[in-house]
Amino acid sequence: MNMASKIAKSPVFPSIGALLAEARQARGYSLGDVAETTGLTVAEVTALERDEDFDASRIRRTAAALGVLDKILNTRRAEVVTQLP
């Protein structure tokens, strides 16, 4: 298991995909809306929300479009620190 999948499956912190999906739904955006805004396909946005895609560029673009980039970066930092020996 690589570090990205360990982080994504953490029981303590919400996954990146969950944060993206929650932000999209809270804003009333469809998958198509986010895809159009970010230049991604609906399949790519769906894969991000399902934690099936860990491409940093796509995550950053989507998080920035949804206004949650800082939240994701701060959550990830806190999560990685708690997993250090």
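All values derive from a computational prediction rather than experimental measurement.
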Can you tell me how far apart [atom1] ([X]) and [atom2] ([Y]) are? Round to the nearest 0.5 Å.
X	Y	atom1	atom2	answer
L48	I59	CG	CD1	6.0 Å
L20	K71	CG	NZ	10.5 Å
L31	Q25	CG	CD	8.5 Å
S15	R50	OG	CZ	12.5 Å
L19	R24	CG	CZ	13.0 Å
T62	R60	OG1	CZ	11.0 Å

Can a donor-acceptor pair be found, under 3.5 Å and without considering hydrogens, that links the side chain of R27 to the backbone of A23?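 Present.
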
Looking only at atom types and distance, does a side-chain atom of D51 sit under 3.5 Å from a main-chain N or O of G17, one as donor and one as acceptor?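 Checked: pair present.
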
If you count the non-hydrogen atoms of other residues, nucleotides and ligands that lie under 6.0 Å from CD in E36, is the total more than 12?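 It does not: E36 CD has 12 such atoms or fewer within range.
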
Between T38 and A65, which heavy-atom pair has the shortest distance, and what is it?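 Nearest heavy atoms, T38 then A65: CG2-CB, 3.8 Å.
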
For the student: nearest non-hydrogen atoms of D53 and D55, plus distance: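 Shortest heavy-atom separation between D53 and D55 comes out as OD1-N, 2.8 Å.
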
In chain order, what residues pass the salt bridge (Lys or Arg N to Asp or Glu O under 4.0 Å) check against R61, with sequence neighbours excluded?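 In terms of salt bridge (Lys or Arg N to Asp or Glu O under 4.0 Å), with neighbours along the sequence ignored, R61 is linked to no residue.
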
Using the test side chain to side chain donor-acceptor pair (under 3.5 Å), find all partners of T37 that sit at least two apart in sequence or belong to another chain.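 If we apply the side chain to side chain donor-acceptor pair (under 3.5 Å) test to T37, skipping adjacent residues, there are no hits.
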
